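Everything quoted here is computed from the prediction, not taken from an experiment. In the text below, chain A, chain B and the rest are named by the order of the sequence lines, each starting its count at 1.
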Amino acid sequence: MAYDYTAMEKKWQEKWIDEGLNLANRDEKKPKFMMIFAYPGVTGYLHVGHLRGYTYTDAICRYKRMTGFNVLFPVGTHATGNGAISLSAKVRNNNEEFIDYLERNGCTEEKLEQLKDPMGVVKFFNEVYVEDYWKRFGFLADWRRFTCTLFPDYGKFIQWQFRKLKEQGLLIQKPYYAPACPNCGPVAVDASETDISKGGNAETQEYTLLKFKHGSEFLVAATLRPETVYGQVCFWVNPEVEYKKISKNGETWIVSPQAAEKLQLQKDGVEVVGTIPGKEMIGWKCEAPMIHREIPVFPATFCDPTVGTGLVTSVPSDAPDDWISLEAVKKDPKMISEYGLSQELIDSVVPISIITMKGYGDFPAKDMIDRLNITQPGDPKLVDAKKQVYKDGYHMGKMKDTCGEFAGMRVEEAKDKMKQAMIDAGEAELFYDLTEEVVCRCGQPVHIRRIDDQWFINYGDQKLTDETSEHCKDMDINPPEYYENVHGVLNWFRERACVRQGNWLGTRFPFDDKWIIEAISDSTLYPLYYTISLYANEGRIKPENMTEEFFDYVVLDKGELASVSKSTGISEDLLEEIRKDVHYWYPLDINLGGKEHMTVHFPVFLMNHRAILPDDMQPKGIIVNWYITGKKNKISKSKGGAQPIPGAAKKFGVDAMRLYYAHVASMFVDVEWDEDIVMTYRQRLDKIMGTVEDLIASESDAPKSDIDDWLLSRFNTHISEIRTAMEKYDLRAMATVAYYEMLNDIRWYNRRGGKNRETLNEALRIWIMSMMPITPHIAEELWSKAGFEGMVSAALLPEPRQISAAAEYGEDLVRDVMSDIAQIRKVAAIEPEQIILYTSPSWKVDVMKLALSMMEEGKLDIPSLTKKCMADENMRKNGKAVSEFAKKTATEFMRSTADAKRPIVELDETALLRSCEEFLSDELGTKVRVCSADEPDLYDPQKKAKVAVPGRPAIFIE
RNA sequence: GCGGGGGUAGCCAAGCCGGCCAAAGGCGCGGGACUUAAGAUCCCGUAUCGAAGGAUUUCAGGGGUUCGAAUCCCCUCCCCCGCACCA
C-alpha cells in the first residue's frame with residue numbers, strides 16, 4: 001500500500017501550529033527543558049546530511065515534552081561574514097554555475113532579483129531553512145523566537161556581551177599581521193574572493209628572517225624552517241636580481257625590492273637607501289646566525305624575489321631545492337669561472353646531517369629527490385618534495401647531535417626554541433608573507449600588514465580555562481570521549497582575534513566602530529538570546545531599548561528596576577517578564593552540534609558562558625553528532641544525495657528520513673548516505689502503518705487470556721526501556737524498541753491468537769506514543785485513526801506498570817520450545833506423527849523453590865541445598881537424582897539473580913503449555929500433546945520425561 | 001610525532017561499567033507460505049560439525065589477569081580524524 005506521506009505531513013504540521021504545540025511560554029509550574037542545535041551558517045542550500053543533528057534535536061525535545069517538560073526549542077541562523085556578500089556578487093555577475101545551482105534547488109526567477117543584495121540573500125536563506133527544511137521536517141520549534149546574527153537586536157546582545165568580556169579583562173589588544181590592500185585596507189582572503197580578484201587560496205605564513213653578517217651589512221634570508229640553521233653550508237643569491245639596501249634601526253639589510261616593500265608594512269622605520277646587483281654578492285662570505293660560521297654565497301636562479309626576501313640560506317640536507325642546486329653548481333665549471341669562484345671552495349661545501357627521521361637517511365632532501373626521480377633544478381616535482389620533507393621533518397623529526405644544545409629535541413619543539421633564541425640574540429626577526437600572489441579588487445597587490453591594535457579574546461586566560469574545565473566535569477557531555485577530551489581542548493585554546501575590518505557583515509565592535517566582530521566570536525553566548533528574541537521579534541522591545549542596562553538587568557539581575565525602566569524606556573512589567581523568562585529557561589540544557597564544533601564552537605561557547613554568566617546559568621549538556629557522508633566523502637549528486645532536501649522529503653517521506661537518522665547508527669559515527677537504506681526505513685513505516693491500521697479496523701474481540709498479560713507486560717517493559725535509552729539520549733536504542741521490538745510483539749500477540757480490544761487499545765496507545773518523537777507524522781495519523789483523544793504530540797508517556805516477569809518468561813518458554821523442536825526435527829530429519837512435551841517432575845520444581853528461597857536469604861550453596869532437599873521425605877526417595885539436580889541448580893542459581901530465576905519456579909508450565917497445544921499443533925503442523933512427567937501411566941517409550949527440568953520440557957518426537 | 005577514535009559474522013551496526021554472547025537489530029542471501037499487481041507481506045534458516053534440543057571454534061594478531069573476556073591489562077599490525085596561521 002502506498003501512503004501519501006506528504007499530505008499527511010502537511011496536515012499534521014498545520015494542526016500542531018494551530019494548537020500552538022511548538023510555542024514555549026514560561027510556566028513556573030512545569031519543569032523546563034531548553035535545547036538548541038548549533039545554528040547553521042547561511043552558505044547556500046543544505047543537504048540531507050545536515051538534517052541529522054537537527055532531527056535529533058526535535059526528537060529529543062518531543063520526547064521531553066512527552067515526559068512532562070515545558071520545552072523550548074528555538075532556531076536561528078548565522079550570517080556573519082562575507083558569505084552573503086559573495087553569494088550576492090555571484091548573482092549580480094550572472095555567474096552561470098551558481099545561478100544554475102540556485103534554480104536546481106528551486107529558486108525562482110523573481111527571487112534572483114532579491115539575491116543581488118547581500119541582506120536579500122540572508123533573508124532568502126533564512127526562509128529556505130525555516131520553511132523548506134525545519135518546518136518541512138515537522139520540528140516543533142518556537143518560530144517566534146527565530147533570530148539571525150545580522151538582526152539589529154541580535155547585534156545589541158553581542159555588543160553587550162563584548163562589554164562584559166571587556167569588564168572581565170578578557171579583551172586584549174596586540175599587534176597582528178593581516179592581509180591588507182594599500183588602498184582598501186584589510187581584506188578577506190578566502191576562497192570566495194569577495195574582497196580580492198586573485199589569490200583566494202593564499203594563506204599567511206610566518207617566516208623567520210635570518211641575518212647574515214657581511215662587513216657592516218646584513219644579507220637577510222627568510223626561512224620557514226629556522227630549526228635547520230645548523231645545516232647551513234652556503235647562501236643563495238639570484239644573480240639576475242637587483243637587490244635593495246634598506247636601513248632598519250641603524251642596520252643595513254639587503255633584500256629583494258619586493259621584500260623591501262613588504263617589510264615597510266610590517267616593520268617600523270624601514271627605508272630604502274640603495275641597491276646592489278645580485279651577482280656582485282656571489283663569492284662573498286657571510287656569517288650565518290646561530291652557528292656563527294662563514295659560509296660562501298653562490299648563485300641560484302630559484303631564488304624568487306617575490307618570495308620571502310629573495311635571498312635563501314642553503315640547507316641541502318633537508319631542503320631539496322638546496323640539494324639539487326648545490327649539485328648543479330658543483331657540476332657547472334662555466335658558472336664557476338663566470339663568477340670567479342674556485343672549484344676548491346665549492347667542493348669544500350658539503351651537506352651536514354642535522355635531523356633524523358623515520359623512513360629517511362642522513363639527508364632527507366636527497367632521499368626525497370631520489371624517490372621522486374628529480375634530476376635538475378627547476379623540476380616542478382621539487383614543490384612536492386619540499387612539502388613532504390618539511391611535513392615529515394616537522395612531525396617526526398628529531399634534532400641530531402650536530403645541533404648543539406638543541407640535540408635530541410623533536411623538531412616541533414626545537415623550531416620554536418631555536419627561532420626564539422635567534423630573535424633574542426638579535427640574529428633573527430619574524431616576517432609574514434602570503435603563500436601566493438593576492439590582488440585586491442581595486443587591482444593593488446595585497447600584502448601582510450602589521451595591525452597594531454588588533455583585538456583578541458583571551459581564551460588563554462588560566463583562571464577562565466580552569467573554571468570552565470571544572471564546570472565541564474558537572475556537565476552531561478556526549479559522547480563520553482568528548483567529556484574526557486574537552487579539557488584538553490580548552491587548555492589548548494589561546495587568544496583568538498575577535499574583530500576584523502573590511503567588507504564583512506556583522507556586529508560593530510562596541511569600543512571601536514571600525515571593527516566588526518568576527519564569525520566565531522559572535523556565536524558563543526547566543527542560546528541565551530533566544531529567551532529574549534521573542535520580545536524583539538514581536539516589537540515589544542526595540543533595538544534602541546536594548547542597552548547595557550537592559551541586558552545587565554534581565555540577564556545579570558543588575559540595577560534597579562525603576563531606573564532601568566527609565567533609562568531603557570521599557571516598562572517595569574515587561575522588564576520583569578523578560579527577566580523571569582531568561583531565568584526560567586536558562587541554563588541551556590543541551591547544545592547539540594556536529595563534530596566540527598568540538599575544537600571551535602563548543603570551547604568558546606563554554607568559556608563565554610563561564611566568563612559572563614553566574615553559576616546557575618552555566619550550560620548543562622553538549623551532544624556532538626557525527627556526519628552523514630557521501631560515498632568518497634561527498635554526497636553524490638547522481639545518487640540523489642545532493643538533491644534538494646524538499647525533494648528527498650517527498651521521495652522518502654519525512655518520517656522515513658527521521659527514522660533513518662535516528663536508527664541507522666549511533667550519533668557518534670559517520671554514516672554513508674545510501675538511498676536504498678532510507679528506502680528500507682520507508683518500508684518499515686509502511687509495514688507499521690499497515691499493521692496498526694489492520695488492528696484498528698479489525699472487528700474481532702476476544703476475552704483476555706495469558707497472552708494479554710504478556711503483551712501489556714511487554715509494552716510496559718518497553719516504556720521503561722525507552723525511558724532508560726532516552727536518559728542517555730540514545731535515540732537508536734529507543735528506535736529499536738519502538739519500531740522493531742514492539743512490532744514483533746504485536747505480531748506474536750496476533751500469532752498467539754490475541755484479539756482483546758482493550759489490550760490492543762492500550763498497546764496501541766503506548767506504541768504510537770513511542771513513535772511520536774522520531775516519526776511524529778505517522779504517529780499523529782495513527783493516533784487519530786485509533787480514535788485517541790487530542791494529539792499524540794501533546795500526550796504524556798505513562799510510567800511503566802503491570803510488568804509481569806512470569807508472563808514474559810512464559811512466552812519465551814513457548815518460543816524456546818518451538819525452536820528446540822524445529823532444531824531436533826532438522827537434525828534428526830524426522831517426519832513426525834506426533835510430538836509429546838513432558839514438563840518437569842514436580843520435585844525438581846521443589847528443589848528450585850528451595851534454592852530460590854535460600855538465595856533470597858543469601859544462603860545458597862551446594863551442600864546446604866542438598867541437605868535441605870534430603871530433609872524432605874518425598875525427595876529423599878529420588879536420592880541420587882535429587883543430589884545431582886540440587887548441585888546443578890545451586891551452581892546455576894548462584895550465577896544469576898533471584899529476580900531472573902523466580903519466574904521459572906512460579907510458572908505453571910504444564911498449564912501454560914497445555915493451553916498452547918492447539919497453537920503449537922497448528923504452528924508445527926503436527927499434533928502436539930503436553931504431559932506432566934508426574935502423570936501416572938505416562939506414555940514415554942524413550943524415557944524422555946526424566947530429563948525434563950523446569951524451563952526445559954522434554955521433547956519426544958515420533 | 002603528539003592528541004583522539006576505531007578494527008565484531010557477506011555488508012551496515014549494537015554490545016565493550018567481565019559471565020545470562022554464537023554475540024541485538026537491519027540489510028543481503030537461502031528455503032517455505034501467500035500467490036502470481038508489489039523495491040509487498042508472513043514464517044523458518046543463514047560460523048562449523050551433529051540421525052535429538054548438543055558440541056566445537058570465533059569478536060584484527062599475540063600474550064596476560066580471572067573459575068570465566070568481544071568486554072580488563074600489555075605488546076604488535078592496520079584504518080580514520082585533528083594538529084593551534086600550520087607546512
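- Sequence order on RNA chain B of the closest nucleotides to A/Ile824 and A/Tyr432 puts A/Ile824 first from the 5' end.
- With distances taken from any side-chain atom of A/Glu481 to the nucleotides B/C43, B/G39, B/G5, the minimum falls on B/G5.
- Geometrically, A/Arg714 does not engage A/Trp748 in a cation-pi contact defined by less than 6.0 Å to the ring centre and at most 45° from the axis.
- Between the P atoms of B/A69 and B/G45, the separation comes to 29 Å (whole Å).
- Across every strand in view, B/G25 sits in a pair with B/C12 that passes the Watson-Crick or G-U test at under 3.5 angstrom.
- Distance, A/Gln823 CD to B/A51 P: 13 Å, rounded to whole Å.
- B/G30 is paired with B/C44 under the criterion used here, namely a Watson-Crick or G-U wobble arrangement in which both key atom distances are under 3.5 Å.
- The separation between A/Phe493 atom CZ and B/C83 atom C1' is 13 Å, rounded to whole Å.
- Pair check for B/C83 finds B/G1; Watson-Crick or G-U wobble, both atom distances under 3.5 Å.
- The gap from the C1' atom of B/C21 to that of B/G15 amounts to 9 Å, rounded to the nearest Å.
- B/A24 adopts an anti glycosidic conformation, its chi angle falling more than 90° from 0.
- Judged by distance alone, with hydrogens and angles left aside, the side-chain atoms of A/Arg658 form a donor-acceptor pair with the main-chain N or O of A/Ile774 at under 3.5 Å.
- In this structure A/Gln683 satisfies the side chain to side chain donor-acceptor pair (under 3.5 Å) test with no other residue, sequence neighbours excluded.
- With P as the reference atom, B/G26 and B/C74 are 37 Å apart, rounded to whole Å.
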How would you summarise protein contacts on nucleotides 13-24 of chain B per nucleotide, using B for base, S for sugar-phosphate only and - for none, with heavy-atom distances below 4.0 Å? SS---------B
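- Summarising the base pairing, B/U66 is matched to no nucleotide, lacking a Watson-Crick or G-U wobble pair whose two defining distances lie under 3.5 Å.
- Picking from B/C43, B/A87, B/A52 the nucleotide with the shortest atom distance to the side chain of A/Val827 gives B/A52.
- What separates NZ of A/Lys943 from P of B/A52 is a distance of 20 Å, to the nearest Å.
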Working for side chain to side chain donor-acceptor pair (under 3.5 Å), residues A/Tyr660 and A/Asp674: CA-CA 10 Å; A/Tyr660 163 78; A/Asp674 183 337; over 6 Å; no
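- Relative to the side chain of A/Arg684, the nucleotides B/G53, B/G26, B/C86 differ in distance, and B/G26 lies closest.
- Comparing A/Ser819 and A/Tyr177 by the nucleotide of RNA chain B whose heavy atom lies nearest to each, the residue mapping closer to the 5' end is A/Ser819.
- Distances shown here put a side-chain N or O of A/Lys415 below 4.0 Å from the OP1 or OP2 atom of B/A87.
- Between A/Glu909 atom CD and A/Cys916 atom SG the span is 11.0 Å, to the nearest 0.5 Å.
- Residue A/Ile520 contributes atom CD1, which lies 14 Å from atom C1' of B/A84 at whole-angstrom precision.
- Comparing the C1' positions of B/C11 and B/G19 gives an interatomic distance of 30 Å, to the nearest angstrom.
- Which of B/G4, B/A52, B/G26 sits closest to the side chain of A/Asn485 comes down to B/G4.
- B/G18 is unpaired under the criterion used here, namely a Watson-Crick or G-U wobble arrangement in which both key atom distances are under 3.5 Å.
- At distances below 3.5 Å, at least one donor-acceptor pair connects side-chain atoms of A/Tyr482 with backbone N or O atoms of A/Met598.
- The same atom, P, is picked in B/C78 and in B/G61; the two are 15 Å apart, to the nearest Å.
- Atom P of B/C12 sits at a distance of 24 Å from the matching atom of B/A22, rounded to the whole Å.
- Between the P atoms of B/A9 and B/G18, the separation comes to 24 Å (whole Å).
- Contacts of A/Ala733 with the nucleic acid, taken as non-hydrogen atoms under 4.0 Å apart, are absent.
- What separates CG of A/Asp820 from P of B/G45 is a distance of 11 Å, to the nearest Å.
- Of the listed nucleotides (B/G53, B/G25, B/A87), B/G53 has the atom at the smallest distance from the side chain of A/Val947.
- Using a 4.0 Å heavy-atom distance criterion, A/Ile677 is classed as making no nucleic acid contact.
- Summarising the geometry, atom CZ belonging to A/Arg752 is positioned 9.5 Å from atom CZ belonging to A/Arg815; distances are rounded to the nearest 0.5 Å.
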Using side chain to side chain donor-acceptor pair (under 3.5 Å), reason through A/Tyr681 and A/His663 one step at a time and then give a plain yes or no. CA-CA 9 Å; A/Tyr681 283 100; A/His663 188 260; 2.8 Å; yes
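- Here A/Pro480 lies out of heavy-atom contact (under 4.0 Å) with every strand.
- The interatomic distance linking A/Arg952 (CZ) with B/G54 (C1') rounds to 9 Å, in whole Å.
- If you check every strand for non-hydrogen atoms under 4.0 Å, A/Lys944 touches a base.
- Under the 3.5 Å distance criterion, the side-chain polar atoms of A/Ser698 are left unmatched by any main-chain donor or acceptor of A/Asp694.
- If you take CG of A/Asp694 and P of B/A40, they are 18 Å apart, rounded to a whole angstrom.
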Trace of the ring-ring contact (aromatic ring centres under 6.0 Å, His included) decision for A/Trp673 with A/Tyr627: CA-CA 9 Å; A/Trp673 173 257; A/Tyr627 302 151; over 10 Å; no
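- Nucleotides B/A84 and B/C2 are separated by 13 Å at their C1' atoms, to the nearest Å.
- Remark: B/U58 base-pairs with no nucleotide; criterion is Watson-Crick or G-U wobble with both hydrogen-bond distances under 3.5 Å.
- The distance from atom CD1 of A/Ile774 to atom C1' of B/G25 is 14 Å, rounded to the nearest whole Å.
- Closest to the A/Tyr390 side chain, of the nucleotides B/A52, B/G39, B/A87, is B/A87.
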